[in-house]
Amino acid sequence: CNKPLGDVFDWLRIGPQVTITEIEVLQPLLARNAELSRAAGHKSTHCTLDWEQPVPSTLRADFDIVVGCELLYDSASPTALARVVKHFIVGDTEFRLGVNLGRDGGRGFRTLLALLEPNFILN
């Protein structure tokens, strides 16, 4: 995406402070998007988050809302994603996930729901 993330965040009405994450190889793109968002007057930071690694200590688990989009790519993704979601979703944190159910016939999404269901109210 080469448009300022602030435009997306305005649409989502997320609020004044946003942290965006991605794997290491995509950090240059993420840094550019964060820069564009800050230039547009939005507070945004970025950092590396690799689901297969421990969550960096700089990422606190105190977000009001966590938004994910297109996060399920292969059979390993649901387990790793569930671990990360469980780290960040505490108290009244809301988690919103946009998925492409056509990617794997919805199998990854169903697996993720099964992994999260014991701990979360899903709707």
Side-chain angles (χ1 to χ4, degrees):
C1 173
N2 60 8
K3 88 187 245 190
L5 286 174
D7 294 346
V8 176
F9 297 142
D10 282 347
W11 178 74
L12 292 172
R13 301 181 190 277
I14 288 180
Q17 178 62 48
V18 175
T19 301
I20 51 179
T21 64
E22 189 54 87
I23 58 176
E24 184 66 36
V25 70
L26 295 177
Q27 284 303 304
L29 175 63
L30 207 60
R32 178 68 179 138
N33 281 335
E35 179 184 317
L36 291 169
S37 294
R38 286 190 297 274
H42 303 280
K43 291 182 182 178
S44 65
T45 58
H46 69 285
C47 66
T48 299
L49 177 61
D50 181 338
W51 303 344
E52 300 297 333
Q53 303 298 320
V55 175
S57 61
T58 54
L59 283 174
R60 300 181 326 269
D62 64 351
F63 294 100
D64 294 322
I65 184 169
V66 174
V67 177
C69 185
E70 292 295 319
L71 300 177
L72 298 170
Y73 293 103
D74 56 46
S75 61
S77 295
T79 301
L81 177 57
R83 182 185 60 78
V84 171
V85 168
K86 289 175 184 179
H87 172 85
F88 287 110
I89 309 304
V90 295
D92 292 332
T93 301
E94 184 175 339
F95 175 58
R96 293 188 177 222
L97 175 64
V99 297
N100 178 349
L101 295 176
R103 186 180 305 276
D104 67 351
R107 287 186 306 277
F109 182 64
R110 287 190 299 278
T111 300
L112 177 65
L113 290 180
L115 291 166
L116 295 177
E117 195 167 24
N119 302 342
F120 298 96
I121 298 170
L122 304 172
N123 61 31

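Both backbone and side-chain heavy atoms feed into the values below; hydrogens, waters and symmetry mates do not.
Between L116 and K86 the shortest side-chain heavy-atom distance falls below 4.5 Å. Put simply, the side chain of D50 does not reach to within 4.5 Å of the side chain of E24, judged on heavy atoms. Contact annotation: the side chain of P78 never approaches that of F109 to less than 4.5 Å [non-hydrogen atoms, C-beta and beyond]. L71 places a side-chain heavy atom less than 4.5 Å from the side chain of L97. L59 places a side-chain heavy atom less than 4.5 Å from the side chain of F88. Between T19 and F63 there is a side-chain heavy-atom pair separated by less than 4.5 Å. Using a 4.5 Å heavy-atom cutoff, the side chains of L49 and P56 are in contact.
Of the possible donor and acceptor atoms, one in the side chain of R38 sits under 3.5 Å from a partner among the backbone N and O of S44. Between the side chain of E94 and the backbone N or O of V66 there is no donor-acceptor pair closer than 3.5 Å. Side-chain N or O atoms of R110 include one that pairs as donor or acceptor with a backbone N or O of G105 at under 3.5 Å.
The number of heavy-atom neighbours closer than 6.0 Å to CZ of R96, taken from other residues, nucleotides and ligands shown, is 12 or below.
A distance of 10.5 Å separates CG in N33 from CD in E22, rounded to the nearest 0.5 Å. Here L30 contributes atom CG and I20 contributes atom CD1; the two are 4.0 Å apart, rounded to the nearest 0.5 Å. With rounding to the nearest 0.5 angstrom, the CD atom of E52 is 8.0 Å from the OG atom of S77.
For Q27 against C47, the heavy-atom pair with the smallest separation is NE2-O, 3.3 Å.
L81 pairs with exactly one of L112, L115, T111 by the side chain to side chain contact (heavy atoms under 4.5 Å, CB included) rule, that one being L112.
E35 has a carboxylate O that lies under 4.0 Å from a charged side-chain N of R32, or vice versa, which qualifies the two as a salt bridge.
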